[in-house]
Amino acid sequence: MAIPSLRTWTRGELATAAMLNANIRDVPNWLLRPPIFQSSRLNNQSISNASWSVVLLEGSFINTDGMTLSSGVVTVVTRGIYDCRCQAFFQSHGTGVRGVSIDRLDVDGNFVENPVRSGELSSTSPPNENTNVLTGTALSCGKLISLNPGEKLRMMVYQNSGGALNLLGDGTHMFSWFAMRWVAEN
Amino acid sequence: MATIPNPRVWAAGEVPTHTMFNTEIRDAVNFLKAPQRALVDDTTNDTVNEETWTVISWGAEDADTEAIHSTSSNQSRLTAVTTGYYLAWAQIVWEKVDPVSGKYAGSQAVGARQVAIRKNANGDFGSGTLVALDCRHVHDNIVRTSECSSQSCSGYVQLNPGDYIQAFVWNNQENLFTTDLNDVMHDLGNAVKFGMIWQWS
């Protein structure tokens with residue numbers, strides 16, 4: 001999507017329909033629905049012990065800018081500063097730590113940085129009786145991230161319970177999700 | 001209800017009027033620079049029974065642009081007036097569990113703490129749909145240092161007029177001396193907040 005670039009009006013200039021459309025109509029249209037992407041892991045995903053794993057997001061529920069999703073990697077179309085957020089929901093287990101983060105990758109898919117990360121110890125009794133929510137541990141993180149076209153983000157999770165542990169899903173609800181929204185030019 | 005801008009397509013030969021400019025420029029910018037929003041506080045401590053999802057009631061308003069919240073009825077709800085996607089968030093602070101002194105002297109901070117946001121749940125965690133959830137274990141060595149534990153969650157949610165969100169909390173703190181100890185959410189300098197802000201149409 002093209003970010004509106006507003007003209008400087010000059011004295012004596014005749015405002016044409018094209019000018020009004022580009023400089024008035026297109027601006028609120030852009031701001032009312034900027035580049036937005038949201039996806040979720042709806043079904044269980046087994047996470048290996050003691051290594052960061054990419055969350056394999058399943059489909060794009062909201063995608064206003066033709067961003068592509070491939071093996072959990074989201075590719076940006078429009079440059080800008082994005083509000084990026086994610087939530088990870090782990091199967092209940094009383095051992096080890098849990099982590100969630102967002103990785104930024106360059107246009108070739110190479111790791112650049114880990115702008116934001118959150119984690120916790122899970123060495124005490126896990127929660128239970130989570131009515132209408134699967135039993136587990138939920139973590140989230142978020143940050144404003146400056147991105148250029150072709151750059152990529154991926155949601156990562158970590159656990160070291162001693163064996164594989166699931167990100168939990170019930171096929172319907174968004175327990176683990178990733179979202180990003182354009183908020184400003186970079 | 002705020003009117004979401006619906007920008008006109010200008011046609012060749014059309015003469016813009018002041019009414020058009022007010023609608024197309026003034027109103028659109030005003031809508032976008034001050035999106036519909038509410039931010040509310042919990043003004044009193046709330047008792048949260050063990051292993052019971054409890055809806056939080058919000059007694060004060062930091063911001064409320066179009067009667068999204070009421071301090072006289074349904075105080076737990078933030079109700080959309082304008083259609084759209086909203087960013088919703090909740091932050092809570094849990095009471096100190098101190099093994100050395102204080103109300104729970106001799107106790108250990110154990111178990112888990114949870115905060116969640118649900119849509120159209122009518123105060124029942126088993127109803128409606130989940131918007132966001134944070135579920136963590138509490139650790140005595142951390143709580144002892146920081147005295148209180150806090151947590152938050154956030155997420156995007158689509159709301160039509162009349163749809164609402166509520167914040168729920170849960171804990172399973174166990175007392176070493178009694179069997180009926182409840183964990184209490186602590187109003188720590190207005191750090192207990194719940195809000196939503198319009199994001200996109």
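Residue numbers begin at 1 in each chain, while the letters A, B, ... track the order of the sequences. Keep in mind that this is a model prediction, so the values were computed, not measured.
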**Request:** Under 4.5 Å heavy-atom distance to chain B, tell me which part of A:Ser140 shows up: side chain, backbone, both or neither.
**Result:** both
**Message:** Is it the case that the side chain of A:Arg25 and the backbone of B:Val9 share a donor-acceptor pair, with hydrogens and angles ignored and the cut-off at 3.5 Å?
**Reply:** no
**Prompt:** With side chains defined as the heavy atoms from C-beta onward, is the minimum distance between B:Leu87 and A:Arg85 less than 4.5 Å?
**Reply:** yes
**Asked** Among B:Ala28, B:Ser152, B:Ala132, which has the most heavy-atom pairs under 4.5 Å with chain A?
**Response** B:Ala132
**Prompt:** Of all of A:Val27, A:Ile36, A:Asn29, which one pairs up most often with chain B through heavy atoms under 4.5 Å apart?
**Reply:** A:Ile36
**Item:** Gap between atom CD of A:Gln87 and atom SG of B:Cys153 - 0.5 Å precision
**Value:** 7.0 Å
**Under 4.5 Å from any heavy atom of chain A - which part of B:Gln199** = both
**Request:** Taking the side chain as every heavy atom from C-beta outward, state whether A:Ile24 and B:Glu24 have any pair of such atoms under 4.5 Å apart.
**Result:** yes
**Complete:** B:Ala12 and A:Ala17 have their tightest heavy-atom pair at N-CB, 3.5 Å
**Asked** Mind checking whether B:Tyr156 and A:Asp83 have side chains closer than 4.5 Å, heavy atoms only?
**Response** yes
**Asked** Roughly how far apart are B:Leu133 CG and A:Phe89 CZ, rounded to 0.5 Å?
**Response** 5.5 Å
**Message:** So A:Leu31 and B:Trp200, do their side chains get closer than 4.5 Å, heavy atoms only?
**Reply:** no
**Prompt:** Would you say the side-chain atoms of A:Asn21 pair up with the backbone N or O of B:Trp10, donor to acceptor, closer than 3.5 Å?
**Reply:** yes
**Item:** Contact class of B:Val29 relative to chain A, heavy atoms under 4.5 angstrom
**Value:** neither
**Item:** Straight-line distance of A:Leu32 CG to B:Asn6 CG, nearest 0.5 Å
**Value:** 9.0 Å
**Reported CZ-to-OH distance for the pair A:Arg181 and B:Tyr85, which is rounded to 0.5 angstrom** = 13.0 Å
**Message:** Once rounded to the nearest 0.5 Å, what's the spacing between atom CG of A:Leu20 and atom CE of B:Met20?
**Reply:** 10.0 Å
**Request:** Could you pull out the closest heavy-atom pair between B:Cys135 and A:Thr137, with the gap in Å?
**Result:** O-CG2, 3.2 Å
**Asked** Under a 4.5 Å heavy-atom cut-off, does chain A meet the side chain of B:Pro35, its backbone, both or neither?
**Response** neither
**Asked** Roughly how far apart are A:Trp30 CH2 and B:Leu32 CG, rounded to 0.5 Å?
**Response** 13.0 Å
